[in-house]
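Reviewing the structure listed below.
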Amino acid sequence: MSGTKLRQRKKNLKDSKGPQSKDEDIPPEFDFDLGKYLKFLALPVLLSLGVAYYLNPTIFTDAIQSYIGFSDVEMSKVLTGPDVLVDFSADVTKRDAIVRAFQHAWLAYERDAMGDDEYHPLSHEGTNLTAAGGIGYTVVDSIDTMLLMGLDQEYSRAREWVATKMSLERNATFNTFETTIRVLGGLLSAYHLSGNDSLYLEKAIDLADRIIPVFNTPSGLPLTNVNLALREGAIDPGWPEFVSSAEVATLQLELRYLSLLSGNSIYWEKGESVMQILKNVMMPHGLASIFLNWQTGQFVLSAMRLGSRADSYYEYLLKQYLQTNSTEVFYRDMYTNAMDAVHKHLIKKSVNSNMVHTSELVPERHRNGEISWRLTPKQDHLVCFFGGSLLLGATTAGALVRPVSIPPKPEELSEAGKRDWKTGINLIKTCMDTHNTATGLAPEIVHFRIASDGMGVDPMFPADWYIKGAHIKPDELPPYDSRYMLRPETVESLFLAFRLTGNEKYRNWAWQIFQAIELHCRVESGGYATIINVDEVPSRKEDKMETFMMSETLKYLYLIFSDASVLPLDKYVLNTEAHPLPIFNIPQDLVL
Ligand code: DMJ
């Protein structure tokens, strides 16, 4: 009501004969010209709104969305899924194309470098990780993919190599984590998928017995490296006092399964003691920083993120819970607390189109000794495992009933489960969006636009995400961030998303990625190579085919186009190198 109307109404009321209305009690100070005051207030209000918008351009849309219950609308949309019947039958043509790609990779390696740890497809050479010789990283990492794909001839030659040539008697240091996830994990899944071929179990026990001394530290945290011949742990010369969270907490699936198979509880106990240490020293906010001190067993001041040195810590919290048939609530609770903390501190949205992504918290020590945490909108390609992991967690640790529908219905999930499902779906979409490059492949590291990045709203700058330092002169080398090194994380998430939603969209996205790999990473003479700039066509290749191309990337692609009876999610957990291990119940007679 304007000031003039208010005055008129009061006058009318005074003139009337009836009982005095309550409005007559309006104190004189309200008898003012509202229009004049509004004009006076307009400028500062508009200015403050402008500043708020500058600092956070989504502030108004966020507020409106939350006011009208946008979250619930989006949730039901996400959870309802597509209006199509879920069809999990194999897409044989595409699946077979993936098998041929695997053969293209394997046969080149076998021709040029059989038995060597690593393969260089441009120079047609292999190399070993140490001067003392290799332990067959590539062979062992690839065996279970051959078994799944039914590549009998390739498999029998690989098995023959393990039986006759593989040696662990190497007087040199190997990375504890990499050796466990690739070689021990590869041997264990080969054992299972081959129908319990004892060759693999014998090798696995031999390898684990050489690794176990790494746990002989004052804290019980395993050292970064291991000398396989001397059976001794060794420090990382680059970080002599530290071990990383992902590395110490991504050994457990393998060690636990080996205890089950061998009946020897030592492996299980050593792995589990790490989880107890981590639980006891967990920081109040529930996130793990990337480094721990291996002597004290305490976290050290270092970054917190979902990317390198931390990624599979979060992955294995969930998978340890799943591995023993969801019976160990210790792991479920650790996982649930971690997901609360991740949502509270690390999940963010980009300024322009609200791309959900993860940020990093980086500590900064000031001159006065105070420490503050800087939020950096940086996301490693490695983080793209997390979308799928969140979906898997939502439908298991976050489920109110088991099994949930495909896709799950809102009433089947807890509040945390619904939150994780939604974030997972959005993160996968973000990872796919980062494939919007000249090659259709995603870079190693992306940065997201945030209001405080100083770039403003200049159309010259990217709206949502960018590759740092990518603007180079033609003769300059692109930054490390620009590369695609055949990583599996996005297709890993697409595999889980397809199995848990049945939405064909995820198969389509996986096929897009596969075609981009074929077009830009395939080496015609054999193998696939890292490319150094995802935004450059024709691509420039680097002479390296990572072992995870055959163990993970092509395996996840193969599984996406296979029918869902191949490695059903309620029967298997895949280790972080995509080696499938069966879910089991802890036997009564396993003394832990
Ligand atoms: C793999 O060796 C494993 O997935 C590991 O956990 C981190 N990522 C690489 C592949 O990108």
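Note that ligands are numbered from 1 as they come in the structure, with each ligand's atoms numbered from 1 the same way.
In terms of N/O distances under 3.5 Å, ligand 1 is not approached by Glu178. Note: an N/O pair closer than 3.5 Å links Glu552 and ligand 1 by distance alone.
Closest to atom 5 (C) of ligand 1, if we only count protein heavy atoms, is Thr576 OG1, 3.8 Å.
Under 4.0 Å from ligand 1, the heavy atoms of Glu489 that appear belong solely to its side chain. Under 4.0 Å from ligand 1, the heavy atoms of Arg182 that appear belong solely to its side chain. With a 4.0 Å cut-off on non-hydrogen atoms, Leu382 touches ligand 1 through its side chain and not its backbone.
Remark: ligand 1 atoms within the under-4.0 Å shell around heavy atoms of Glu577 are 1 (C), 2 (O), 3 (C). Ligand-side atoms of ligand 1 in range of Pro488: 10 (C), 11 (O), range being under 4.0 angstrom from any heavy atom.
The aromatic rings of His285 and His345 sit perpendicular to each other, their planes meeting at more than 60°, with 30° as the lower class boundary.
By the 4.5 Å heavy-atom criterion applied to side chains, Cys521 and Leu441 are counted as neighbours. A heavy-atom distance below 4.5 Å is found between the side chains of His343 and Asp420.
Residue pairs meeting the salt bridge (charged side-chain N to carboxylate O under 4.0 Å, His left out) criterion with at least one member in residues 238-248, sequence neighbours excluded, do not occur. Contacts classified as salt bridge (charged side-chain N to carboxylate O under 4.0 Å, His left out) and involving residues 115-128 (residues at least two apart or in different chains) are given here: Glu118-Lys544.
The closest donor-acceptor contact from the side chain of Asn575 to the backbone of Gly185 lies at 3.5 Å or more, if one exists at all.
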